[in-house]
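Notes to accompany the following structure.
All of these numbers come straight from a predicted model, not from anything done at the bench.
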Amino acid sequence: MSAEAADREAATSSRPCTPPQTCWFEFLLEESLLEKHLRKPCPDPAPVQLIVQFLEQASKPSVNEQNQVQPPPDNKRNRILKLLALKVAAHLKWDLDILEKSLSVPVLNMLLNELLCISKVPPGTKHVDMDLATLPPTTAMAILLYNRWAIRTIVQSSFPVKQAKPGPPQLSVMNQMQQEKELTENILKVLKEQASDSILVLEAALKLDKDLYVHTMRTLDLLAMEPGMVNGETESSTAGLKIRTEEMQCQVCYDLGAAYFQQGSTNAAVYENAREKFFRTKELITEIGSLSLHCTIDEKRLAGYCQACDVLVPSSDSTSQQLTPYSQVHICLRSGNYQDVVKIFIEDNLTFSLPVQFRQSVLRELFQKAQQGNEALDEICFKVCACNTVRDILEGRTISVQFNQLFLRPNKEKIDFLLEVCSRSINLEKASDSLKGNMAAFLKNVCLGLEDLQYVFMISSHELFITLLKDEERKLLVDQMRKRSPRVNLCIKPVTSFYDIPASASVNIGQLEHQLILSVDPWRIRQILIELHGMTSERQFWTVSNKWEVPSVYSGVILGIKDNLTRDLVYILLAKGLHCSTVKDFSHAKQLFAACLELVTEFSPKLRQVMLNEMLLLDIHTHEAGTGQSGERPPSDLISRVRGYLEMRLPDIPLRQVIAEECVAFMLNWRENEYLTLQVPAFLLQSNPYVKLGQLLAATCKELPGPKESRRTAKDLWEVVVQICSVSSQHKRGNDGRVSLIKQRESTLGIMYRSELLSFIKKLREPLVLTIILSLFVKLHNVREDIVNDITAEHISIWPSSIPNLQSVDFEAVAITVKELVRYALSISPNNHSWLIIQADIYFATNQYSAALHYYLQAGAVCSDFFNKAVPPDVYTDQVIKRMIKCCSLLNCHTQVAILCQFLREIDYKTAFKSLQEQNSHDAMDSYYDYIWDVTILEYLTYLHHKRGETDKRQIAEKEHEASLLDWRQVILHFQLIHSW
């Protein structure tokens, strides 16, 4: 072996080897390995990578013997993997800042849902309906973590993000990214629908006055053990990581403030809530100090929020002395008091409290207003620019371009003001030598740039100039001025040549891209794209913003356009139009769609039809959000266009499902039942599931007055909905020989999925159609074998009374759907007594008696002018009264039970007497005796109080009894009229 080879071998053998990375399955094999791994200074893989690996393995679908994809099995391996992921998050102390930064939305959603599951949060129960004060501390904290993450994710998704430059195209990677994007969008859609509930949950958390606990690795291990091995420690024990009330409230206030601030863009009144929450956060941070381990607030960002809120919602008791300079500037700009802005900027040159970027943005805003024709602002622009320039030179920055342009033609007023700003911007007694040197150099350079010696004399004879420059420096400056050649124009030539240098291409492209993102003017968008394509031909400008989204059925056609400029323009006009329609900016959406239609008409009949379809959808939304809300029927032209779309049979035209959905909902909402039942072409019923569903709904509504005739169409509608709510099942023989039943999520035999049906129903507003759908789902809910308390609804008798195969229906999904539909229906018409009774029955069936009684009373109130008239007997049936009696009984309101017993067709004396015997009543007891008119109950009350020796209460009962005996018929009529429900 040569000497060189020996040296190489020695060097290689002495080099330390990189330790192998620990694989995820090793943590399954050795229980203690996870804690050892996480205690390392730099564990590889990192904690967040472990969470991703554990959850990815736990959520992998399985494939059965028939090669069918099955949901992930709920076996011991997957449960341990989910527990390991939770333990890693517990090691990170459930810090959402760390988790959100490193985990995608789907992964973090799965992690927090597992936390809710292990924390004993009942599945399917809305968090807003749960009382946090009565829950175990770890359960309440899990609910808070989930809802904090929900509103933080919504806020974060509203920020524009520039897309990363795509690498080499790889089909598998692109498919994976597309799937993750679609999953993220679906999760965000759900989170946004539940945003109001999440905010209510967090608001309720601020009222808690107890410390909470969050799961640690130890408590998670305890929960994973068998019940007998926990050694007495329970879910509500203090075994977890303690979170003080102040820490929890501080974090919740900050997250709520950010959510309210984001909502303020569409509802300015919400800024007041944001201001309250942010300032409360500041107070709590002061109380907590630096000892907090759980509360991590970005105090710089919080300060920015507070300043913004001060501007948007100035406090009513604030004076100009109490306001920050930032707030004062905004108030002055809103009121047009620009001279005060100059004063504030001069004062800030001493304190340096305003950020330089903010001062520059104010100047840009003033320049923009001046360019729009406000010539009075030219002087203000110079003054603000001069203030900013003095601030720049004091901090050692170069003189700005704008100042040199504005000072190109100096005059006496400009020089006087500049000297005033310089004098008031420096305290010569306290200023450092560097500040004085910077100011002196600036004044010297100004003098050297002046052509007129009169102006030079104004500066050189000023007190500040004389103080800052020594005699020798002043003499040297005068000599330099005299030696200048009179033939050289020192003022104009250097400055002009300097400004003739163009900015870099990347800066110009960036500025134009920024304008492209902000603009909604079709003509301006076209001009910007022409300029951009003139600068570079390598960029795809439709990818500038990740908020520009075009449905996938359109993107293939648009991206197939060969001309790059046309492709970018069509894509951006359509994307911006869709965005404007989403945020209900219909006027701009119409302009963008019209421009896009004009453009594509020239070269693509396919895209022309696409734009006509989108403009139809826009017109539907415009009508529904405008005159349609007041009940005004749509114009006949719009109805004709909707019919034309439904009957369209053009081949190869990309169609969005939502347009067909909206068109059918539109026809149902405006009672075009004649068309849907008789005039719809037969091919549509076969090809379009929404038309089929609309036709069945319209036919059922149309034939409803005659129950016998309506049963045929009602049965057809029933079978369609039952099929949608069914699950496919199959038998599988396990290793032990037993046959088990495996259920898939949803059957594919229905005309649409349940989520699509629910989405369609939430576009309906016609009361009769909603009543029919509610009635159908209520009946389907009641068919269930294990149902204890039926839910009542109108027209429930028109539906079949049984289902041949009960096991095929997903009744849990049906129950959830009923709740969702009632909630939506009441948001459309809160005073519909039939829907209120359904909501009350749902709460009654789920043992939420207080809420049930609330809705029973509300149903009576809305149909009796708040109980000034008698409640119709078809609203307060005996069944409803009996359920109200049970609610009052279980709420320990026993006197109210006795009163309600009088409203039954046959008074239930047994229940009334039993309730009056109860002494532990949570209502006003004898104060309610005025509302008892039945003589028998009054006699029993008199006897009962006499037996107990309750003289005062007996006298009250006797007084009511005597009044009844005087004229019992008149008294009964009197009490029934006044004290009726």
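- Checked by atom type and distance alone, the side chain of S119 never pairs as donor or acceptor with a backbone atom of L116 at under 3.5 Å.
- Looking only at distances, a side-chain donor or acceptor of E661 sits under 3.5 Å from a matching main-chain atom of F760.
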Between I724 and E756, does a side-chain contact (heavy atoms from CB on, under 4.5 Å) hold up when you go through it step by step?
CA-CA 10 Å; I724 292 173; E756 294 173 336; over 6 Å; no
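- Counting non-hydrogen atoms of other residues, nucleotides and ligands closer than 6.0 Å to NZ of K914 gives a total of 12 or fewer.
- D197 contributes no side-chain N or O that, together with a main-chain N or O of Q194, makes up a donor-acceptor pair within less than 3.5 Å.
- In the model, T792 has no side-chain atom that pairs as donor or acceptor with a side-chain atom of Q879 under 3.5 Å.
- Counting heavy atoms from C-beta outward, D810 and C725 have side chains that stay 4.5 Å or more apart.
- Here the closest non-hydrogen pair linking A793 and I838 is CB-CD1, 3.8 Å.
- I751 CD1 to Q723 CD: the interatomic distance, rounded to the nearest 0.5 Å, is 10.0 Å.
- Using a 3.5 Å distance cut-off with no hydrogens or angles, the side chains of N832 and S829 do not pair a donor with an acceptor.
- Side-chain contact check for I199 versus Q263: some heavy-atom pair is nearer than 4.5 Å.
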I'd like to know whether Y876 forms a ring-ring contact (aromatic ring centres under 6.0 Å, His included) with F903, so could you lay out the CA-CA distance, the side-chain angles of the two residues, the decisive distance to 0.1 Å, and finally the verdict.
CA-CA 9 Å; Y876 274 0; F903 289 93; 8.0 Å; no
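- Note that the CG atom of L757 and the OG1 atom of T817 stand 7.5 Å from one another [nearest 0.5 Å].
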Decide side-chain contact (heavy atoms from CB on, under 4.5 Å) for Y909 and I937; before the verdict, give the C-alpha distance in whole Å, the side-chain angles of both, and the deciding distance to 0.1 Å.
CA-CA 7 Å; Y909 289 112; I937 295 177; 3.9 Å; yes
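- No more than 12 heavy atoms of other residues, nucleotides or ligands shown are found within 6.0 angstrom of CD on E812.
- In this structure, S915 contributes its side chain and T911 its backbone to a donor-acceptor pair below 3.5 Å.
- Aromatic ring centres of F844 and Y849 lie closer together than 6.0 Å.
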Dump the intermediate steps for side-chain contact (heavy atoms from CB on, under 4.5 Å) on L780 and I803, then the final yes or no.
CA-CA 9 Å; L780 187 56; I803 298 176; 3.4 Å; yes
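- With T877 contributing its side chain and D874 its backbone, the two residues share no donor-acceptor pair below 3.5 Å.
- A distance of 4.0 Å separates CD1 of I187 from CG of N109, quoted to the nearest 0.5 Å.
- For the atom pair CG of L900 and CD1 of I885, the computed distance is 5.5 Å after rounding to the nearest 0.5 Å.
- L132 is listed as a side-chain neighbour of L144, based on a closest heavy-atom distance under 4.5 Å.
- Scanning both residues, L212 and M248, for their nearest heavy atoms gives CD1-CG, 4.1 Å.
- A perpendicular orientation is assigned to the rings of H127 and Y146, their planes being inclined by more than 60° (bins at 30° and 60°).
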Test side-chain contact (heavy atoms from CB on, under 4.5 Å) on W149 and L191; report intermediate values, then the result.
CA-CA 10 Å; W149 167 75; L191 293 180; 3.9 Å; yes
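- Taking all atoms of both residues into account, the shortest heavy-atom contact from V783 to S802 is CG1-CA, 4.4 Å.
- With a 4.5 Å cut-off on side-chain heavy atoms, R823 and K126 count as touching.
- I761 CD1 to L697 CG: the interatomic distance, rounded to the nearest 0.5 Å, is 8.0 Å.
- Ion pairing between D841 and R883 holds under the 4.0 Å rule for side-chain N and carboxylate O.
- Side-chain atoms of D211 come within 3.5 Å of backbone atoms of T245 as a donor-acceptor pair (strictly under, hydrogens ignored).
- Judged by distance alone, with hydrogens and angles left aside, the side-chain atoms of S759 form no donor-acceptor pair with the main-chain N or O of S755 at under 3.5 Å.
- In terms of modelled atom types and a separation under 3.5 Å, the side chain of T138 and the main chain of Y213 share no donor-acceptor contact.
- Looking at heavy atoms from C-beta onward, L717 lies in side-chain contact with L693 at the 4.5 angstrom threshold.
- Proximity of N273 to L256: side-chain heavy atoms (C-beta onward) are nowhere separated by under 4.5 Å.
- Residues T771 and H795 form a side-chain contact, since some pair of their non-hydrogen atoms from C-beta on lies under 4.5 Å apart.
- In this pair, F913 and Y940 present their aromatic rings parallel. The plane angle is below 30°, not in the 30 to 60° band.
- With hydrogens and angles disregarded, a donor-acceptor distance shorter than 3.5 Å links the side chain of N669 to the backbone of R765.
- Residues L770 and L821 form no side-chain contact, since every pair of their non-hydrogen atoms from C-beta on lies 4.5 Å or further apart.
- S775 and E794 make their closest contact through OG-O, 2.8 Å (heavy atoms, listed as atom of the first residue, atom of the second, distance).
- Looking at every heavy atom in both residues, P767 comes nearest to W835 through O-CZ2, 3.6 Å.
- By the 6.0 Å contact criterion, NZ on K910 is open, its count of non-hydrogen atoms from other residues, nucleotides or ligands being 12 or less.
- Using modelled atom types, one side-chain atom of Q902 and one backbone atom of Y931 make a donor-acceptor pair closer than 3.5 Å.
- The two residues A859 and V875 make their nearest non-hydrogen contact at O-CG1, 4.3 Å.
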Evaluate the criterion salt bridge (Lys or Arg N to Asp or Glu O under 4.0 Å) for residue pair K277 and E203; output intermediate values, then yes/no.
CA-CA 10 Å; K277 293 296 182 286; E203 288 284 7; 3.4 Å; yes
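- Environment of NZ in K882: sparse, with no more than 12 heavy atoms of neighbouring residues, nucleotides or ligands closer than 6.0 Å.
- Rounded to the nearest 0.5 angstrom, F777 CZ and W799 CH2 are separated by 10.0 Å.
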